[in-house]
Amino acid sequence: MTFNAAQIALLINGKIEGDAEASVDSFSKIEEAKEGQLAFLANPKYEDYLYTTKASVIIVNDALVLKGKVNGTLIRVPDSYSAFAALLTRYQQMMAEQLTGIQQPAHIASTAKIGKQVYIGAFAYIGEEVVIGDHVKIYPNTYIGDRVSIGDHSVIYPSVNIYHHCKVGKRVTIHAGSVIGSDGFGFAPQADGSFTKVPQIGNVVIEDLVEIGANTTIDRATIGSTIIKSGAKLDNLIQVAHNVEVGRNTVIAAQAGVSGSTKIGNHVMVGGQAGIVGHIAIADGVRINAQSGVSKSIKQPKAAVTGTPAYDYTSTLRSQALSRKLPEFERRIHELESLVRQLLAERV
Amino acid sequence: MTFNAAQIALLINGKIEGDAEASVDSFSKIEEAKEGQLAFLANPKYEDYLYTTKASVIIVNDALVLKGKVNGTLIRVPDSYSAFAALLTRYQQMMAEQLTGIQQPAHIASTAKIGKQVYIGAFAYIGEEVVIGDHVKIYPNTYIGDRVSIGDHSVIYPSVNIYHHCKVGKRVTIHAGSVIGSDGFGFAPQADGSFTKVPQIGNVVIEDLVEIGANTTIDRATIGSTIIKSGAKLDNLIQVAHNVEVGRNTVIAAQAGVSGSTKIGNHVMVGGQAGIVGHIAIADGVRINAQSGVSKSIKQPKAAVTGTPAYDYTSTLRSQALSRKLPEFERRIHELESLVRQLLAERV
Amino acid sequence: MTFNAAQIALLINGKIEGDAEASVDSFSKIEEAKEGQLAFLANPKYEDYLYTTKASVIIVNDALVLKGKVNGTLIRVPDSYSAFAALLTRYQQMMAEQLTGIQQPAHIASTAKIGKQVYIGAFAYIGEEVVIGDHVKIYPNTYIGDRVSIGDHSVIYPSVNIYHHCKVGKRVTIHAGSVIGSDGFGFAPQADGSFTKVPQIGNVVIEDLVEIGANTTIDRATIGSTIIKSGAKLDNLIQVAHNVEVGRNTVIAAQAGVSGSTKIGNHVMVGGQAGIVGHIAIADGVRINAQSGVSKSIKQPKAAVTGTPAYDYTSTLRSQALSRKLPEFERRIHELESLVRQLLAERV
């Protein structure tokens, strides 16, 4: 789709400087933009690019004072970054609204209920008694097990697998390859050293406005529900074990893992590759640094921890820095020992 | 399906107290159960819920002495937890037995041999000369490459990919999105800094009774086989490199990784996010703590290790604890130095 | 396919000792080979197997002096390992060349351009305006989003998902379950503690000769491109965040993760489970040890680092070793303190 500067200015409530007819059909960074592209300038560090960019339309801050001639059309707004982001969001919504209908072949059980304005891609599998809300998009090669429900406006990308009885809220996004509701890892050890599977008959509940990255796995509860609360954001390749709860607006970075039955509070931030043991609780607002290993409950809200095992951020950084002085410490202890030996010898 | 208390008591060999006609159609935790649900009480900590639960049927221990009135029907057995688990297992088997037949469209090569009572979901791909045993379930969107064999009673969940020539035993479960038999990571460095691929012509052999979680990857051997031995249990997002052997009844938690050609013994337990380097051997019964980095062979059976690089559990915990006293050690060394300086000065 | 010793000798330019008509139809390790299989002997450590192997044809070094009788036919070459690898590569090419055509049902948009001698498996999805080069193989259950391009001779294994607008070069291999072009993890925090998604409108560019393992995820750029440069090799379950650049011939082992906007140089080696923070640069030829956590830029080419936070290899190993002497240091400090106390007391 092509837009001209006047249309864009209208959408973001901006003022035009230059040719209002200048048209664009895609977006770019200011330093890489070609003719026919839209860019923005927010960080003054990049201002030099403004005078060399080939972008046809550039969104800039009201406050910007030009130091040279600009080839493209300027659109001035109070906050160029926010305006650009809003424009992208609006653009993506427009694109998404065009994606509707059911591509054949898809497998849709006769007992499934499908909402209005839904997209179901080719080779998608929709099981028995599944309930799919309005404006939902289910991409190709996706598996939606029996009795799953998916709320309005949610987007399920290709190759996502949602096992039976799981519940997905409204405006949820799940990226490609993620698995929701696989069996929790529960096995009872037997006298002969083998293991008997503990049936996992719970489910996964994903509340509204959650986003889940690619190839992430969230296991179903043994009994009850593994719960991802409203507004939580999970990155790629994350493991969430059975009966875990992830709090509201909590953010978990890629490759982190949460063991079984642990409860993570609201507004928590978990760094990449961090691990959290099972059966503990993490208070609201806690920050867990990347690669940390959290081995016990964190009760203090907004605590910041790091390391394996994880302790408070400041003292751990201190210890880590001092561990690099261990060769020096060894030398100093050795010197002290020989001086003290000398003093002892001289006493007599 | 609906069952009444009398039917359940018969299945688990229990004694009924209350209405033998009370019926249930699903399972729940005792504290969350609704009318028409079955619950159990094993841990005395939860006994209070027994007198408030809305569950229609509750399995309890023979030894339990009631302290109040219970609304639902009780079924008494020697061990309520085991009875409940056995009931779930039986229930899941009954559900699973109903799942048979081939959903269309599926791609089944004309040279493939398919056993009796098999389920093959829509959009599953079964390659040339594949052999599938009796009672096997292959969920939708699954890829079974040429000449793969899958033993009786195995379950392959959706979007699993099994490359050509791999062998899967009997009663194996593989969860969604796992990849079995992708190429091992082998590249020969060239004089110009580029890499030439080393062909990976082996396969993966998964023995009987193995369970593999979601989105786990097991690479095929360069030559020969990567082997997962009987009864081993692997969690989600695990990496098993080429030519690795995982021993019988060994358990590996989520996000752990095993590098090429390493041999892991029987009854080993590997914690989440642990890493094991290539070309080493781990003795039987070894326990590797979560996030450990094992950099050399562990020859002592039943050793417990932790840390990166991994050492024995007890001494590592001691060192980790002491590393937190480094600021104190620095201060004490500093004080000693000034005292000794003073003593030296006073000598003359 | 069956080959005889004469045909193989011709392909690898070797000299035959024994029956030139001896035929083989598969490959094996020398210690496990059966009749009708081809093996090789490179490492003198395994020479004993030469005299017991059942392999029908064995490739050996010119320099080998036989110490006993060999049952199979020998083929002598200057370097038996290289000859064997070359033979495997040639064999796999022959196998691959046979795989062409489009299996039905596949979804191929009418606006997609498909090259010559292409294989497209059943249940593959090819979006609008996709461009697929010659000799490309796209396995079943794969999703190729709108406007993606894939260069000549590339192989896309089953269940790979490539989101819209991404570019894949020539002779690229992507293993099963990998996700290319999922949204970068970008959310703007709001005053109420919730997050607003930052649209991710860039793409992923994978240059020629790249190999990507199974279940790896590479996020699209916020704006611009996430780039994997020519010849880079990525293992399984790796996370590459938005706007990252991975340099030419750089090798990344399984389960490593690279955070947003980080630039990794050429010929870098990243160990398994290593993590690299965002917005830093790694110089050419750097080696990052397994499980390291790299928290700042590494400017020195060919530096070797390890640990979390990562420092140079040698000093870190020293510190790690000394950290195991902390109990001893504590004891020595304590002894010094009591001796010094004694000396101080004696002064008067």
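Chain letters run A, B, ... following the sequence lines, proteins first and then strands; every chain starts at 1. Heavy-atom basis, side chains included; hydrogens, waters and symmetry copies ignored.
Residue A/E330 touches chain C through both its backbone and its side chain, counting heavy-atom pairs closer than 4.5 Å. Residue A/H175 touches chain C through both its backbone and its side chain, counting heavy-atom pairs closer than 4.5 Å. Residue contact with chain A, scored on non-hydrogen atoms closer than 4.5 Å, involves the backbone of C/Q291 exclusively. Contacts of A/Q273 with chain C are made by side-chain atoms alone, with heavy-atom separations under 4.5 Å and no backbone atom involved. With a 4.5 Å cut-off on non-hydrogen atoms, A/L209 does not touch chain C at all. Looking at A/Y139, the atoms closer than 4.5 Å to chain C (heavy atoms on both sides) all sit in the side chain, from C-beta outward. Interface remark: C/S225 contributes no atoms to any contact with chain A (heavy atom separation under 4.5 Å). For C/A124, the part lying near chain A is the backbone, with the side chain staying farther off; criterion is any non-hydrogen pair under 4.5 Å. Using a 4.5 Å cut-off between heavy atoms, A/P158 contacts chain C through both its backbone and its side chain. Only the side chain of A/N141 comes within less than 4.5 Å of a heavy atom of chain C; its backbone N, CA, C and O stay farther away. Neither the backbone nor the side chain of A/L339 comes within contact range of chain C, judged by heavy atoms closer than 4.5 Å. With a threshold of 4.5 angstrom between heavy atoms, A/A214 approaches chain C through its backbone and through its side chain.
Chain C forms more heavy-atom pairs under 4.5 Å with one residue of A/N266, A/L336, A/V251, A/I333 than with any other, namely A/I333. Contact count versus chain C (heavy atoms, under 4.5 Å) is highest, among A/A85, A/P105, A/P327, A/A290, for A/P327. Ranked by heavy-atom pairs under 4.5 Å with chain C, the first of A/P140, A/A254, A/A122, A/G231 is A/P140. Ranked by heavy-atom pairs under 4.5 Å with chain C, the list A/K325, A/K233, A/Q104, A/Q320 is led by A/K233. Among the candidates A/T308, A/T89, A/L326, A/D235, the residue making the largest number of heavy-atom pairs closer than 4.5 Å to chain C is A/D235. Highest contact tally toward chain C, considering only A/R248, A/R324, A/E211, A/H267, is held by A/R324 [criterion: heavy-atom pairs under 4.5 Å].
Proximity of C/V179 to A/Y157: side-chain heavy atoms (C-beta onward) are nowhere separated by under 4.5 Å. At least one side-chain heavy atom of C/I223 sits less than 4.5 Å from a side-chain heavy atom of A/F84. Looking only at side-chain heavy atoms (C-beta outward), C/V198 and A/Y81 come within less than 4.5 Å of each other. Side-chain contact between A/L88 and C/Q200 is absent, with no heavy atoms from C-beta onward closer than 4.5 Å.
By a heavy-atom distance cut of under 4.5 Å, A/Q103 are the residues of residues 95-103 of chain A near chain C, going up by number.
Atoms OG and CG, on C/S319 and A/L322 in that order, are 11.0 Å from each other to the nearest 0.5 Å. Note that the OG1 atom of C/T217 and the CG atom of A/N215 stand 6.5 Å from one another [nearest 0.5 Å]. Considering CG of A/N236 and CG of C/L237, their distance stands at 11.5 Å, rounded to 0.5 Å. Separating the CD atom in C/Q342 from the CG atom in A/L343 is a distance of 11.5 Å, to the nearest 0.5 Å.
Annotation for C/K197: atom NZ counts as buried by contact number, over 12 foreign heavy atoms lying within 6.0 Å.
Classification of the C/F123-A/F123 ring pair by plane angle, with boundaries at 30° and 60°, yields perpendicular.
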